[in-house]
Amino acid sequence: MSKRGPLDSFFQPTQPKKPKYEASVEKTHHASYPFPVPHFPAPFAEQLSSSPAVSAGTAMVNRPEFPHLDIVLHRPYIAASISGGVFAFLRQELFFYRVVYTINRGGIDTVVKTPRFTTVFGVDATSRFASDGALVDAKTGRPVDAARYKCTPRPLPACLHDLRRVVEATTGETFNFCLVNYYADGSDSIAYHSDDERFLGDNPAIASISLGARREFCFKHKPVPPSDAASPSPAAQTQTLVPSQQPKVLKLALGSGDMVLMRGSTQKNWLHAVPKRAGVANAVGQGRINITFRKALVRGGTENYYAYNVGKGQVFRWGEREGKMMPWTGEGSGDGVVCV
DNA sequence: ACGGATAAACGCT
DNA sequence: TAGCGTTTATCCG
């Protein structure tokens, strides 16, 4: 057989690529969505319900070198047969935002562009969505009054609702929020932080699913204050541990379909990050989606999550031709759909 | 909870 | 392996 040159491939165009998934006809509609979100294709839904967790989790709880860490690792959690398709589906079918906000740095207001695309669904435990999509009080079931939230909470679309059910079943936890991040390449990141906000309660459980490109997920112990009783001088407040006491940094290279459950004392004691990386590429491209499920207890959580994951900016949607997130102009929605 | 500056570590020859 | 370009970690506003 002769070698194929550029002309051969020009005249013999590549076979139409097998689509990663067959779009479902059914969609979740909601007044708060820029556009409806399709349900999972049947094969995804079937695979997810038939084997909820592909691999049993490995617990890492309070190991000597990782004190106070409490995580469960599933590698993978979602079957390899569908994780690539689930990644492509969510990147294609969800709306995303690139939130811009200002922080005061050393007396100067600085504009910060969140270095990743984000989107969020859910509402804190004081409210819920009725079956017709209306936001109602969790106790009374009566519509929440307009002044209750400055933001507009969005229900989980059916696809993420399916995923939540699976994660709740395997973790034994319950969740009312779903945050989705898209890291377009190695320069998208999230800095070290803890999910230790008051509105999550004392020992929050957070389930984090990775899809797409492999990225490092790093844990670093918070600076340890000297034990209260044993520190007579205020100067000791800034003391750090001697090297032999320093907990190690834990680096997890998370691949498509992997899941990490963080729980217990993890957020109190550890920071986590997805650091920038110079050369990030693998078989499914450079893009990575991270889905986290968590439970916000009070209204403040809802306001916070929508402020930092939706914001006020424009909608982005995956552009297949362009190979990147594109500002979404609402084409095809000239039928009177109003985006709120 | 970001990013520029800069220090430190890595990795190739 | 010394040297050097590149990548990663840390500091701090």
Side-chain angles (χ1 to χ4, degrees), chain A residues 65-66 69 71 96-120 122 151 177-201 204 206 208 210 213-225 235-255 260 262 266-282 286-294 296 300-314 316 325:
Chain A
E65 63 273 47
F66 305 117
L69 188 72
I71 64 176
F96 289 90
Y97 303 84
R98 194 101 182 183
V99 173
V100 175
Y101 59 99
T102 62
I103 55 171
N104 191 290
R105 284 211 289 234
I108 302 162
D109 279 344
T110 312
V111 176
V112 172
K113 296 181 183 67
T114 304
R116 59 195 171 276
F117 293 89
T118 57
T119 196
V120 64
C151 61
F177 259 97
C178 180
L179 277 60
V180 184
N181 295 304
Y182 178 67
Y183 301 83
D185 57 41
S187 66
D188 275 353
S189 63
I190 188 163
Y192 274 108
H193 70 285
S194 297
D195 296 305
D196 57 355
E197 295 92 350
R198 299 275 299 272
F199 56 73
L200 293 177
I206 298 173
S208 172
S210 291
R214 184 172 297 273
R215 284 292 291 269
E216 248 174 22
F217 189 54
C218 302
F219 287 89
K220 186 168 71 172
H221 203 286
K222 289 185 186 180
V224 182
Q237 290 300 319
T238 56
Q239 150 194 333
T240 52
L241 293 180
V242 302
S244 65
Q245 294 175 299
Q246 290 289 355
K248 285 181 194 162
V249 171
L250 175 61
K251 296 182 180 181
L252 303 172
L254 298 181
V260 181
M262 298 179 278
T266 300
Q267 304 299 338
K268 260 194 188 67
N269 295 281
W270 290 78
L271 304 162
H272 55 274
V274 179
K276 291 185 191 331
R277 284 292 176 259
V280 171
N282 77 358
Q286 305 195 338
R288 170 178 182 263
I289 282 177
N290 173 247
I291 305 168
T292 63
F293 293 102
R294 53 190 76 201
T302 298
E303 302 289 10
N304 178 291
Y305 282 146
Y306 283 90
Y308 287 105
N309 297 281
V310 175
K312 302 171 165 66
Q314 80 207 106
F316 285 84
M325 289 291 167

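All chains are named by letter (A, B, ...) in the order of the sequence lines, taking the proteins before the strands, and each is independently numbered beginning at 1.
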Would you tell me if any nitrogen or oxygen in the side chain of Lys276(A) comes within less than 4.0 Å of OP1 or OP2 on dA1(B)?
no
Side-chain N or O of Arg116(A) closer than 4.0 Å to phosphate OP1/OP2 of dA1(B)
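Indeed not, no polar side-chain atom of Arg116(A) lies that close.
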Output the single nucleotide from dA1(B), dA9(C), dT8(C) whose closest atom is nearest the side chain of Ala278(A).
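Nearest to the side-chain atoms of Ala278(A), counting from C-beta on, is dT8(C).
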Go through dT8(C), dA1(B), dG3(B) for me and flag the one nearest to the Pro115(A) side chain.
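Given the options dT8(C), dA1(B), dG3(B), the side chain of Pro115(A) is closest to dG3(B).
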Ring centres under 6.0 angstrom apart (Phe199(A), Tyr305(A)):
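Yes, the ring of Phe199(A) comes within the 6.0 Å limit of the ring of Tyr305(A), centre to centre.
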In whole angstrom, what separates [X]'s [atom1] from [N]'s [atom2]?
X	N	atom1	atom2	answer
Lys251(A)	dT8(C)	NZ	P	9 Å
Leu179(A)	dA1(B)	CG	P	12 Å
Ile103(A)	dG4(B)	CD1	P	12 Å
His272(A)	dA1(B)	NE2	C1'	11 Å
Lys222(A)	dA1(B)	NZ	C1'	13 Å
Tyr305(A)	dA1(B)	OH	P	10 Å
Asp195(A)	dA1(B)	CG	C1'	11 Å
Lys220(A)	dA1(B)	NZ	P	15 Å

Backbone N or O of Val99(A) within a donor-acceptor pair of the Thr114(A) side chain at under 3.5 Å?
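Confirmed, Thr114(A) side chain pairs with Val99(A) backbone.
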Tell me whether Gln267(A) contacts the main-chain N or O of Ser194(A) through its side chain, where contact means a donor paired with an acceptor under 3.5 Å.
no
Sole residue of Thr266(A), Leu254(A), Thr292(A) in side-chain contact (heavy atoms from CB on, under 4.5 Å) with Val260(A):
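Of the listed residues Thr266(A), Leu254(A), Thr292(A), the side-chain contact (heavy atoms from CB on, under 4.5 Å) partner of Val260(A) is Leu254(A).
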